[in-house]
Structure formats: structure tokens, C-alpha cells
Amino acid sequence: MTDAHASVKFERREARRQVVNDMVIEQVARIEPDLFSTSLPEVVVLPYLEQKLSSLSSQRRNKFRATVLVMATEAIAIIKRSKHNSTPAPEPDEMGVKSRDAVDTPNTGGSSGDKQPRFYRLNGLACGTCGGMCCKLGCDHAFLNTSLLCRVLDERPGLLADALTDAYMQKIPEETYENSCVYHGIHGCELPREMRAITCNTYLCCSLQLLRNSVDKGESHFLLAASNVCDAEDASPEVYRIRAANDQETILLKSSPSDR
């Protein structure tokens, strides 16, 4: 794709984003007009993922186990070599994918007025509103890599490759979203943060980058709206889920047909 084509595509998507933005304001004004009594909340237009939940197939489960077992075996070998040569194992981000707009792993310290804890909370709400579009890219690898497993093994010394693999297999939920990451369940990512890839802990899609920018500017009232903004350009703009959020509370104003 040429720069000119990329620019046109970006402009069209931003135009669709503005249409969705106006639709959200109009719909919320009918549903909960009191939200506009003091100020106009900031609208964050998000993607929307609608998938069915089902048990992970034995084929995908076996494929994932084989992948993790190979990486776990390699990680143990790396740690043994590093101890023998007195050199440290590689840092996880040497093999991970980290966006230039990524956010550092959350630190739960600090007061409620700090920008980072506020963003982490809103980030989680936004991902839940979207449903996890970016999680689809996790497929049957969950972005895991050998250097990440080296770090996990450092925290669990003496763990064998089979045991580490079992630890990851046990975190797969009973039901996962079809055509998405093996850990993508109804409550989001079922893998503990300390076992996740750096990509999953730090990546911000363009919508989350806009959310972070708004938080940095001091915005505190948001309308998080899941839409088809990322779908085909000829698709009519739709809003599937809307959540109002501030520093004190969150209200689900519109739920999608797939919500349980």
C-alpha cells in the first residue's frame, strides 16, 4: 500500500469514527440524558468483536501444548547455559513485540488521582467493551516466546519443561472465543498477567492510545463505545455496546445481543 492510499484509508476511517462518535452522543442523550447535565463526556470509539464461545478443540489444544513445550525446553536450556557461562538470560522484550505506543505493566501503587492507575482501570473497561479484537491475533501461540518463559522460570526455579507447559495449559478456560487466542474467555484474558507475553501486557490499539491521550489531558468522564469502525468501509456505521465510565463508577448503557 502506497503512502497516498494509506492516507486515504486513514482519512476514511477517521470520518467513520466521527460518524460513530455523533451516533453515540445521540443514543446516550436518549438513554441517559443526565450524563450531559454538567459536561460532555469524551467519546472513545472502539472496535467490536462478536464471537461464539466453545470448548477449545483437541486439535488446537494439542498444537498449543506442543508449541509451549518446545519453548519451555529451549528456555530451560538457555538458563542452564547462562548459569554455566555466567551470562544473564535474555530479557523478555528482546523477542517480544512492543508497540512504540505501549504502556508499561500496571503498578497498582499510587493514589486514585494518579493518571496511570486511572488509565489502567479505563483501559480494562475499554477492552471489555470492545470484547478483545486484538486478542484474535493470539491464535494458538498467545504471543508467548522463549525469553518470556526464561523469566517465568526464574521465578519458579527447578520447574521442568513438562511442569511449566502444564502450568500454561491449566490456565486455558473451559470455553474460549472461536477464532481467537486460546486464553480468550468470557472474562477476557484468563492468563495471569505475570505469565502473559509483553505484547499482551503493553500493546495499545489506536483507540486505547486516544484514551490514554485523553486521560493525560485530564479528561475524567468517558463514553466507551464498541462499533464496526474497523469493518469494511461500505458497512453502515453501527454501535453495539456503550459504557459510561468515570473515576467512581461505570454504567453499561447499551448491551450487544451477544452479551450474557
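Atom set for the values below is all heavy atoms of this structure, side chains included, hydrogens, waters and symmetry mates excluded.
- Side-chain contact between C206 and R17 is present, with heavy atoms from C-beta onward closer than 4.5 Å.
- Considering only heavy atoms from C-beta on, Y177 comes within 4.5 Å of I186 through its side chain.
- Placement of F119 and L46 within a single hydrophobic cluster is found when ILVMFWY residues are connected by side-chain heavy-atom separations under 4.5 Å, directly or transitively.
- A72 approaches L164 most closely through the heavy-atom pair CB-CD2, 3.9 Å.
- V45 and F36 end up in the same hydrophobic cluster when Ile, Leu, Val, Met, Phe, Trp and Tyr side chains are linked at under 4.5 Å.
- No side-chain heavy atom of M133 sits less than 4.5 Å from a side-chain heavy atom of C205.
- Among all heavy-atom pairs drawn from C200 and A142, the shortest one is SG-O, 4.0 Å.
- Considering every non-hydrogen atom in both I79 and C150, the closest pair reads CD1-O, 3.8 Å.
- Considering only residues two or more places apart in sequence or on other chains, T73 meets the side chain to side chain donor-acceptor pair (under 3.5 Å) condition with none of them.
- Checked by atom type, the side-chain pair R241/S256 shows a donor-acceptor distance below 3.5 Å.
- Contact between L160 and I76 at its shortest, heavy atoms only, is C-CD1, 3.7 Å.
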Going through the checks in order, is the side-chain contact (heavy atoms from CB on, under 4.5 Å) test met by S147 and I78?
-> CA-CA 9 Å; S147 55; I78 289 172; over 6 Å; no
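- Applying the salt bridge (Lys or Arg N to Asp or Glu O under 4.0 Å) test to pairs two or more places apart or on separate chains, none has a residue in residues 122-134.
- Between A167 and M195, the closest heavy-atom pair is O-CE, 4.0 Å.
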Using the side-chain contact (heavy atoms from CB on, under 4.5 Å) rule, take S227 and R16 through it: C-alpha gap first, then chi angles, then the decisive distance, then the call.
-> CA-CA 10 Å; S227 71; R16 282 173 59 84; over 6 Å; no
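- In this view, N246 satisfies the side chain to side chain donor-acceptor pair (under 3.5 Å) rule with no residue, not counting sequence neighbours.
- Using a 4.5 Å cut-off on side-chain heavy atoms (C-beta onward), F143 and L137 make contact.
- Applying the salt bridge (Lys or Arg N to Asp or Glu O under 4.0 Å) test to every pair with at least one member in residues 58-77, sequence neighbours left out, gives these pairs: R60-D140, K63-D140, R65-D166.
- Under the 3.5 Å distance criterion, the side-chain polar atoms of Y168 are left unmatched by any main-chain donor or acceptor of F64.
- For the pair T250 (side chain) and A244 (backbone), a donor-acceptor distance under 3.5 Å is present.
- Listed by first then second residue, pairs satisfying salt bridge (Lys or Arg N to Asp or Glu O under 4.0 Å) with a partner in residues 20-34 read E26-R30, not counting sequence neighbours.
- Applying the side chain to side chain donor-acceptor pair (under 3.5 Å) test to Q27 and every residue at least two apart in sequence or in another chain returns K254.
- The heavy-atom pair separating A235 from N228 by the smallest distance is CB-ND2, 4.1 Å.
- Inter-residue side-chain proximity for L223 and L253 is flagged as met; some heavy-atom pair is nearer than 4.5 Å.
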